[in-house]
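Read through the structure below, which is laid out as structure tokens, and then see the notes.
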Amino acid sequence: MNALNISAMTLSCAAGSGLASLRKALAEGRSGLRANDYPHCSLETFIGRVDGVEEICLGGDLARFQCRNNQLAELALDQDGFRDDVARLLERHRPERIACVIGTSTAGISSTELAFRNLDESGRFRPEHVLTWVHTPHTSAAFVAAALGLEGPVQTVSTACSSSAKVFATGARLIETGWADAAVVGGVDSLCLSVLYGFHSLELVSPQPCRPFDRERRGLNLGEAAGFAIVEHDPDQSFGRLLGWGETSDAHHMASPHPEGAGAIAAMRAALDGAGLEPGAIDYINCHGTATPMNDRIEAAALRTVFGAPPPAGSTKAWTGHTLGAAGITEAVFSLLALKDGYLPASLNCTSPEAESAEFILTEGRHQAVSTVMSNSFGFGGSNCTLILGAA
Amino acid sequence: MKQRLHILGCGISAPGLPDMAALARVLDGGELDETAKAGAGISLLSPRERRRCPETVRLSMAAAEQACTDAGIAPGDPDAVFTSGMGDVAISDYMCRTLAESPDLLSPMRFHNSVHNAAAGYWSIGTGARGDITALSGATDSLVAGLIEAACRVETSGRPVLLVVYDLHADGPMEAVWPARQPFAGALLLGPEKSGGLNLDLSPIAGLEADEAPALPSVLAERVADNPAARVLYLLVAALERIPGPIRLAARQGPSLLIERA
């Protein structure tokens, strides 16, 4: 396979907005989680909320996209010189040759929730809430394409928590088949009552900061994030190469993973096959690791099945919260930072891993050069995506 | 660029149009079967699952199952692309209404069924498909996004891919942003170019403001105007070899598509 490169990237999440801020948080061991202060939500939990989202105002032609998801996307596009990177991409390729593939699960639903809180006397949306570009799962990809002036194929991937890992595969396919020369890929998910109360109804929300892979873990914390990357052949600079991916389904249950992790195992193996690598070639794994009792146990067992003795692995969700539709891009960025910086972040808040995973879960950060990393993203509906990324 | 696809099988699920035979009858000058509902005749879920699953699942699964049967392919075999502009507007209505009134009473089952990939997930569960069953959106241009995605997958894998396009009608406040009055689902099992049968060439075009295709009977044209998912009718009718000319599907963003008989 002629490897594709990630020539630019950016991420804004609770742990920091922009790569410099994220690197600082990792170095200082500082989580972005805080006691729940999301408006209209009384749940006792911790959340990964991004500061400053509410102040973002989308102007001009982009005003039709105003909602929390797109405000967060706008905030993220302003970090790390990403807009300049896209401008340079547009100097090399015509706009209709650049695809835009964005993953999301929440999309603009927080604005739909608001519209329902403010229905008029006859039970209809008030005029200010009639926003066709907001109340659709497609809002984020449509916004990013419009904001960046991209005119190639535009697509929203919405497969719950695997969404923004799958965007790399879709982008790569569009390039391989000649529909595009390059792709802007990414993911955006923002906090909303639907996911806070929804995961609470499933009894999966932890009242404390989440503790992925710790034997005392009590569930997940919801978070929000927006991240973007440029995928292209032969760029001047590169954060890493997209070596392989595996996309599979569990065929088991809408909200519970397959008990033996069949879909997760198949995704990891498909990604290794696609990359032409043996399991022993992987130096670090950024796990899905949501910190629910069942998910982490099944993922650890799946890692055992695929790797025998897995390489150093951890979940970064205690830094960011579970950012759902943005988890794939969030953890791809963390994985690419590990390649670039030679620093493997701790699976924060994991002080006492279960015996089965004790020798490979990172309870502390580690300086170690790595050349090939894996990132796992598993979602509702039994949708799984594993990415393998290599040093540039 | 141009990408060639072979149509292996088709399916349809909409009020008055329960299967491809019903569509053929309408093309022959017959009436819609007004008693026929969308989402009837699925066999892949247990009766209990059929009762519990969301409306989008019944709607999309009926069309998807027909397309596999039509092609003679086991439904769990092909990778699949489910594409929908709004996903499950009925569950969105329930979720947002409940969150506004009594958030602690939110149903856990309705929550996990609210994901955009619910139809894709139930398809995997019902068929036992362990390959990739993905879920997309392109708002009113979900058919265009789905066709491009399915074409890329056929080209890169050399294997058949199931494309399912579906959307409900909104019944409540969401009507203001999704004015469809009827649900609609269509499915195409697409494969690599093959001699015999129907091969289509797909290519991107620019500057198209509205769909351009040979005229459909008025009852079908009304569906296309009503629900963006019903734009797939142009392809389903072409698959019955009733549309002689090219089909041009306009997209509000990204490339529009030219679809010609190869």
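The structure displayed is predicted, hence computed values, not measured ones. By convention in this document, chain letters (A, B, ...) are assigned in the order of the sequence lines, proteins followed by strands, and residues within each chain are numbered from 1.
Contact count versus chain A (heavy atoms, under 4.5 Å) is highest, among B/Gly85, B/Gly76, B/Gly87, for B/Gly85. When B/Gly131, B/Ala100, B/Gly121 are compared by the number of non-hydrogen pairs under 4.5 Å with chain A, B/Gly131 comes out ahead. Highest contact tally toward chain A, considering only B/Ala135, B/Ala176, B/Pro204, is held by B/Ala135 [criterion: heavy-atom pairs under 4.5 Å]. Chain A forms the most heavy-atom pairs under 4.5 Å with one residue out of B/Ala120, B/Pro108, B/Gly126, B/Ala206, and that residue is B/Pro108. Counting heavy-atom pairs under 4.5 Å between each of A/Gly379, A/Ala160, A/Gly263 and chain B puts A/Ala160 at the top. In terms of heavy-atom pairs under 4.5 Å with chain A, the best-connected choice from B/Ala119, B/Ala129, B/Gly128 is B/Ala129.
Heavy-atom distances place the side chain of A/Leu119, and not its backbone, under 4.5 Å from chain B. No part of B/Leu147 comes within reach of chain A, as not one of its non-hydrogen atoms sits under 4.5 angstrom from that chain. Only the side chain of A/Ala262 comes within contact range of chain B, with heavy atoms under 4.5 Å apart. Proximity to chain A involves both the backbone and the side chain of B/Met86, based on heavy atoms less than 4.5 angstrom apart. A/Ala142 touches chain B through backbone and side chain together, each having a heavy atom under 4.5 Å away. Neither the backbone nor the side chain of A/Leu114 comes within contact range of chain B, judged by heavy atoms closer than 4.5 Å.
The two atoms that bring A/Val154 and B/Gly254 nearest to each other are CG1-N, 4.1 Å, heavy atoms only.
Rounded to the nearest 0.5 angstrom, A/Leu196 CG and B/Leu106 CG are separated by 11.0 Å.
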Could you show, one pair per line, the donor-acceptor contacts under 3.5 Å between chain B and chain A?
residue: B/Gln3; atom: OE1; partner: A/Trp179; partner atom: NE1; Å: 2.7
residue: B/Gly85; atom: O; partner: A/Thr136; partner atom: OG1; Å: 3.0
residue: B/Asn117; atom: ND2; partner: A/Phe380; partner atom: O; Å: 2.8
residue: B/Ser124; atom: OG; partner: A/Ala251; partner atom: N; Å: 3.0
residue: B/Arg130; atom: O; partner: A/Ser249; partner atom: N; Å: 3.2
residue: B/Arg130; atom: NE; partner: A/Asp250; partner atom: O; Å: 2.9
residue: B/Gly131; atom: O; partner: A/Ser249; partner atom: N; Å: 3.0
residue: B/Gly131; atom: O; partner: A/Ser249; partner atom: OG; Å: 2.7
residue: B/Asp132; atom: OD1; partner: A/Lys166; partner atom: NZ; Å: 2.6
residue: B/Asp132; atom: OD2; partner: A/Lys166; partner atom: NZ; Å: 3.0
residue: B/Ile133; atom: N; partner: A/Ser249; partner atom: OG; Å: 3.3
residue: B/Ala135; atom: O; partner: A/Ser158; partner atom: N; Å: 2.9
residue: B/Ser137; atom: N; partner: A/Thr156; partner atom: O; Å: 2.9
residue: B/Ser137; atom: O; partner: A/His138; partner atom: ND1; Å: 3.0
residue: B/Ser137; atom: O; partner: A/Thr156; partner atom: N; Å: 3.1
residue: B/Glu149; atom: OE1; partner: A/Gln155; partner atom: NE2; Å: 3.1
residue: B/Glu149; atom: OE2; partner: A/Arg173; partner atom: NH2; Å: 3.0
residue: B/Gly172; atom: O; partner: A/Arg124; partner atom: NH1; Å: 3.3
residue: B/Glu175; atom: OE1; partner: A/Arg124; partner atom: NH1; Å: 3.0
residue: B/Gln253; atom: NE2; partner: A/Ala142; partner atom: O; Å: 2.9

